[in-house]
*Asks:* 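The structure follows.
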There are 2 protein chains.
Amino acid sequence: MPVQDRQIEERLAEAGVRYTAGRRHVVSALERVDGPLSAAELHLEMGGAVPVSSVYRTLAVLEEAGVVEPHHGARGITRYEMAEWLAGHHHHLVCIECGAVEDIELPAPLEVELERLVGQVSSWASFSAGGHSLEVDGRCARCR
Amino acid sequence: MPVQDRQIEERLAEAGVRYTAGRRHVVSALERVDGPLSAAELHLEMGGAVPVSSVYRTLAVLEEAGVVEPHHGARGITRYEMAEWLAGHHHHLVCIECGAVEDIELPAPLEVELERLVGQVSSWASFSAGGHSLEVDGRCARCR
DNA sequence: GCCTATAATGAGAATCATTATCAACAAGCC
DNA sequence: GGCTTGTTGATAATGATTCTCATTATAGGC
Ligand SMILES: [Mn+2]
Ligand SMILES: [Mn+2]
Ligand SMILES: [Zn+2]
Ligand SMILES: [Zn+2]
């Protein structure tokens with residue numbers, strides 16, 4: 001029961017929902033993989049332990065509580081990953097062939113620069129900026 | 001018939017498809033608006049002149065030919081905009097409230113830096129990079 | 001202009017991800 | 001144990017997108 005799990009439990013308590021076995025399953029699957037997963041992919045990753053309809057509802061609950069974040073990809077597929085306050089800030093390599101998403105981290109100096117720019121350009125556009133994400137698309141090692 | 005249209009005609013010819021009236025309608029609607037549009041939104045924008053099923057097919061043809069590019073948003077909705085070689089390279093401010101997407105341009109120096117980083121981190125990940133896009137999410141002026 | 005081959009269109013059916021329902025179930029509390 | 005309320009899971013409904021196929025338009029060849 002790592003620190004993370006305590007924080008998640010707490011966050012769900014604040015949201016007024018229980019941290020049930022099914023929800024723990026989904027969280028632990030998301031923690032174990034390295035990029036965002038769709039409901040169907042999660043269902044498989046858990047060996048069918050949690051039915052698809054429950055995966056969807058669980059993801060909605062976790063998103064509402066701020067534990068996971070959605071990522072909208074090709075073919076109308078939404079994948080989820082642990083929220084940034086749990087997984088750390090990062091960006092994505094997206095394969096235009098198979099849709100796989102890989103996490104990447106930028107070197108701190110560029111990240112700082114980006115952060116500064118985002119604030120600047122946002123205020124100029126009267127836009128209240130929350131997060132940001134750099135998406136690089138191309139072909140993954142398997143799809144070359 | 002602006003320069004753009006010549007280039008598009010040429011590109012479609014290379015792709016071995018015709019630049020028909022319906023396809024011209026869709027292109028001109030996308031050129032006239034200021035953010036990416038979905039198939040349904042395009043259908044409306046054109047006053048129903050092109051049936052929805054044809055809009056979808058047309059967008060697929062235009063994407064295949066590299067004339068338009070998809071943008072994947074919430075609720076499984078895909079919106080299209082003119083490709084970068086026609087509209088210019090830019091990034092996006094995405095409103096988490098109403099879904100509106102606004103185009104932004106980064107200052108050249110940061111763009112150069114980004115480009116360099118994208119190439120670097122991609123080769124390290126055995127990833128063949130195509131384009132990249134920085135998405136900033138937050139609340140637009142209207143939704144504050 | 002007319003013919004023919006081929007590309008494109010449009011109405012509707014089919015598909016697929018997601019969401020809503022609702023009856024059965026589990027947890028917390030007295 | 002009963003009671004209350006949150007949770008689950010099978011299934012139906014929804015909505016965006018894709019497919020099908022009969023019809024129509026277009027480009028050449030004559
Ligand atoms: Mn990620
Ligand atoms: Mn744009
Ligand atoms: Zn791939
Ligand atoms: Zn807005």
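Note that these values count all heavy atoms, side chains included, but never hydrogens, waters or copies made by symmetry. Every chain is numbered from 1 and lettered A, B, ... according to where its sequence line falls, protein lines coming before strand lines.
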*Asks:* Could you state the atom-to-atom distance from CZ of A:Arg18 to P of C:dA26 in whole Å?
*Replies:* 12 Å
*Asks:* Going hydrophobic residue to hydrophobic residue with side-chain gaps under 4.5 angstrom, can you get from A:Tyr56 over to A:Ile77?
*Replies:*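 Not linked; separate clusters.
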*Asks:* Please report the interatomic distance OG(B:Ser133) to CD(B:Glu84), rounded to the nearest 0.5 Å.
*Replies:* 7.5 Å
*Asks:* With respect to the phosphate group of C:dT18, does any side-chain polar atom (N or O) of A:Tyr56 fall under 4.0 Å of OP1 or OP2?
*Replies:* yes
*Asks:* Starting from P on D:dT7, measure out to CG on A:Leu12 and report it in whole angstrom.
*Replies:*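 Rounded to the whole Å, the gap is 9 Å.
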*Asks:* Rounding to a whole Å, what distance do you find between A:Leu37:CG and C:dT18:P?
*Replies:*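 My rounded result for the distance is 12 Å.
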*Asks:* Which is true for B:Ser38 with a 4.0 Å heavy-atom rule: it touches a base, it touches only sugar-phosphate, or it touches nothing?
*Replies:* nothing
*Asks:* Strictly under 4.0 angstrom, non-hydrogen atoms only: write out the protein contact profile of nucleotides 8-13 of chain D, one letter per nucleotide from the 5' end, B, S or -.
*Replies:* BBBB--
*Asks:* Just how far, in rounded Å, is P of D:dT18 from CD of B:Glu64?
*Replies:*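 Going from CD in B:Glu64 over to P in D:dT18 covers 13 Å.
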*Asks:* Is A:Arg79 reaching over with its side chain to a backbone N or O of A:Gly73, donor-acceptor style, under 3.5 angstrom?
*Replies:*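 Checking the backbone N and O of A:Gly73 against the side chain of A:Arg79, no donor-acceptor pair under 3.5 Å is found.
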*Asks:* Nearest whole Å is fine: how far is C:dT18 P from A:His72 NE2?
*Replies:*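 After rounding, the reported distance stands at 10 Å.
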*Asks:* Quickly work out the A:Ile77 CD1 to D:dA16 P distance and round it to whole Å.
*Replies:* 17 Å
*Asks:* In whole angstrom, what separates B:Leu42's CG from D:dT17's P?
*Replies:* 11 Å
*Asks:* Specify the separation, in whole Å, of atom CZ of B:Arg75 and atom P of D:dT17.
*Replies:* 12 Å
*Asks:* Looking at A:Thr58, A:Leu59, A:Val33, which one forms a side chain to side chain contact (heavy atoms under 4.5 Å, CB included) with A:Leu42?
*Replies:* A:Leu59
*Asks:* Measure across A:Cys140 and A:Cys95 and return the closest heavy-atom pair with its distance rounded to 0.1 Å.
*Replies:*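 Of all heavy-atom pairs spanning A:Cys140 and A:Cys95, the closest is N-SG, 3.4 Å.
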*Asks:* So, do A:His71 and B:His72 have ring centers that fall under 6.0 Å from each other?
*Replies:*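 Centroid separation for A:His71 and B:His72: 6.0 Å or greater.
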